[in-house]
There are 2 protein chains.
Amino acid sequence: MATAAPLTPERILEATEEVLRRHGAAKATVVDVARALGVSHGTVYRHFRTKAELRGAVTKRWLDRTSVALAGIVTGSEPPEAKLRHWLAGLFDAKQHKAGDDPELFATYTVLTEENGDVVNDHIAELTGQLTAIIQQGVADGDFASPDPALSARAVFDATSRFHDPCYAPHWSRPGIDEAFAAVLDLTVRGLRA
Amino acid sequence: MATAAPLTPERILEATEEVLRRHGAAKATVVDVARALGVSHGTVYRHFRTKAELRGAVTKRWLDRTSVALAGIVTGSEPPEAKLRHWLAGLFDAKQHKAGDDPELFATYTVLTEENGDVVNDHIAELTGQLTAIIQQGVADGDFASPDPALSARAVFDATSRFHDPCYAPHWSRPGIDEAFAAVLDLTVRGLRA
DNA sequence: CAGATGACAGATTTCAATATCTGTCATCTG
DNA sequence: CAGATGACAGATATTGAAATCTGTCATCTG
C-alpha cells in the first residue's frame, strides 16, 4: 500500500473511495485512509482541512462521472426529442445499475450525498443545465414549446425524480418499473411538444 | 382520562393518536396508550393483536382523511382539466400544511408510513383510482388523450411525487417551490391533452 | 525549511449492564 | 362467564463508562 509515489489529493481520494467501499460510510475513518496510504493521519489533514471536505470531494467525483457520461448525449447529433429520451433513460439506467449492481456501495454514496447537500446542488445544477441545452435546441428546431427552457428543464427533472432520486432506489428493482418510467417519459415529452 | 365510556377500537385509536402526538413515534408505547385510557395494557391487546396493528390502524385513519377530502373534487362538476389541477394542487396543499404547521407530528406520521408499507400502498391505490376517474372523464369528454387511463394516472402521480411524497417534505417550505409545482403541473396537464 | 509525524484534548462512538416494553395467559371480578 | 388484570419471559431500548476518532500543533527529519 505504502508506495513511494508523491502524495497527491488524487491519490488520497482514491484511497478514500477504497476505504468507503470496504468499511461503509459509517465506519470509514480518516485514520483508515491514512493507513491505506501508509502515512499518518496528520498528513491527510495537510491536503484536506476536514473529514467533511474529504468526503465532499469523493462525493463530487462520484457524481461527476454521471454528468460527464450524459454530457455526451447533449452534444450529440440526434434530434432534440430523441436526445431528451436518451438522456433521461441514460440517467435512470445509470442509477438503476449503480443501485442494483452493488447495493452496499450505493447505500454508502447515498449517505455521502445526504451529508453533502451543496455538492449535490451543484450536480443538479449541472444536470438541469444539460436538460436546458436540449430543450433550447428543441425550441430552436420548433419541436418543443417552452417560454422558459430553464424552468421547463427543472420541471422535467422534477417530474422524473422517481427515476433518479436515490430515495426511490428500493423501487428501481420492482416489477413494472420500466413501464412506469416509459409512462412518465411519454407524459413528459408530450408535455414539451410544440 | 379514565372515563367510564365503553372501550371501543375508536377510543383506543384516539388515545393512540394523542400519545403519538405527545411522545412521538419512537417513544409512544402501548403502556402509554393504556394509561391514557385508564386500563391495563393487556386490555388494549384484547382489541388490537399487536402494537404494529394498532399503529397501522392509526396510520390508515390519518391517510384516509386526505383521500376523503380529495374525493370531493373527483365527484364535483368542474371540467376534467380543472379537476385534475385542483386535485393535484389540493394534495400538495394538504401535505404542505401538514408538514409545515406541525413538523413534529408530521415526522411522527412519516415514521408510521415507513413502517406500514401495506397501508400506504392501499392509500396510493385509492389516490391513483381517483386520478383514473378524472382522466377517464377527460378522455370521454375529448379533453385528454390516453390509451390506458390507469397507467396515465400512475404516471401523473409519479410525475408529481416531489410534491406529495413525504421524503420531499423538507423542500416544501423552500422558496420557489410554488413555481416548481406550477411548472410540473403545466407539463403534466399538457402531456395529457388530446 | 517543506513536509511529515504522533501526542493530545475534546467530540463521538461502542458496548455491556440495566431498565423498559411487548405480547401471553392464568387468575380475578362484577 | 365476559371482560379486565398484572405477573412474567423474551425482545428492545437506555445509559454511562471506556474506547476510538477528529483536528491541532509543537516537534522532527531529509
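Throughout, a chain's letter reflects where its sequence line sits, starting with A, and its residues are numbered from 1. None of the values given here were measured: they were computed from a predicted structure.
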request  = For the residue pair A:Ser67 and A:Leu127, establish whether any side-chain heavy-atom pair is separated by less than 4.5 Å.
outcome  =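 A side-chain contact exists here, since the closest heavy-atom pair is under 4.5 Å.
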task = Report yes if some heavy atom in the side chain of B:Leu185 is under 4.5 Å from a heavy atom in the side chain of B:Thr160; otherwise report no.
result = no
inquiry  = Using a 3.5 Å distance criterion without hydrogens, assess whether the side chain of B:Gln96 forms a donor-acceptor pair with backbone atoms of B:Trp172.
reply    =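 Side chain of B:Gln96 to backbone of B:Trp172, a donor-acceptor pair under 3.5 Å: yes, one is there.
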remark   = Secondary structure of DNA chain C per the Watson-Crick/G-U criterion (both distances under 3.5 Å; [ ] crossing, | other strand, . unpaired) is ||||||||||||||||||||||||||||||
query = Which residues, if any, of residues 111-119 of chain A bring a heavy atom under 4.0 Å of DNA chain D?
reply =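 None, since no heavy atom is under 4.0 Å.
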ask   = What is the distance from NE2 of B:His47 to P of D:dT5, rounded to the nearest Å?
value = 11 Å
inquiry  = How would you summarise protein contacts on nucleotides 10-30 of chain C per nucleotide, using B for base, S for sugar-phosphate only and - for none, with heavy-atom distances below 4.0 Å?
reply    = -----------SBBB------
ask   = Parallel under 30°, tilted from 30 to 60°, perpendicular over 60°: which one fits the rings of A:Tyr168 and B:Tyr168?
value =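 Because their plane-to-plane angle lies in the 30° to 60° range, the rings of A:Tyr168 and B:Tyr168 count as tilted.
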ask   = Is atom NE2 of B:His23 surrounded by more than 12 heavy atoms (other residues, nucleotides or ligands) closer than 6.0 Å?
value =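 Atom NE2 in B:His23 is packed in, count exceeds 12.
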ask   = Got more than 12 heavy atoms from elsewhere within 6.0 Å of CD, A:Glu104?
value = no
request  = Could you check B:Arg65, B:Lys60, B:Arg11, B:Arg22 and say which one makes a salt bridge (charged side-chain N to carboxylate O under 4.0 Å, His left out) with B:Glu17?
outcome  = B:Arg65
inquiry  = Quick check: is A:Val74 connected to A:Val139 through a chain of hydrophobic side chains (ILVMFWY, heavy atoms under 4.5 Å apart)?
reply    = yes
query = Any luck finding a side-chain donor-acceptor pair between A:Thr29 and A:Asp32 under 3.5 Å?
reply = yes
B:Asp64/B:Arg61 ion pair, N-O < 4.0 Å =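 Looking at B:Arg61 together with B:Asp64, the answer is no, because their closest N to O distance does not fall below 4.0 Å.
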key: Phosphate contact (C:dT5 OP1 or OP2) by A:Ser40 side-chain N/O below 4.0 Å   =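 Answer is yes, contact under 4.0 Å.
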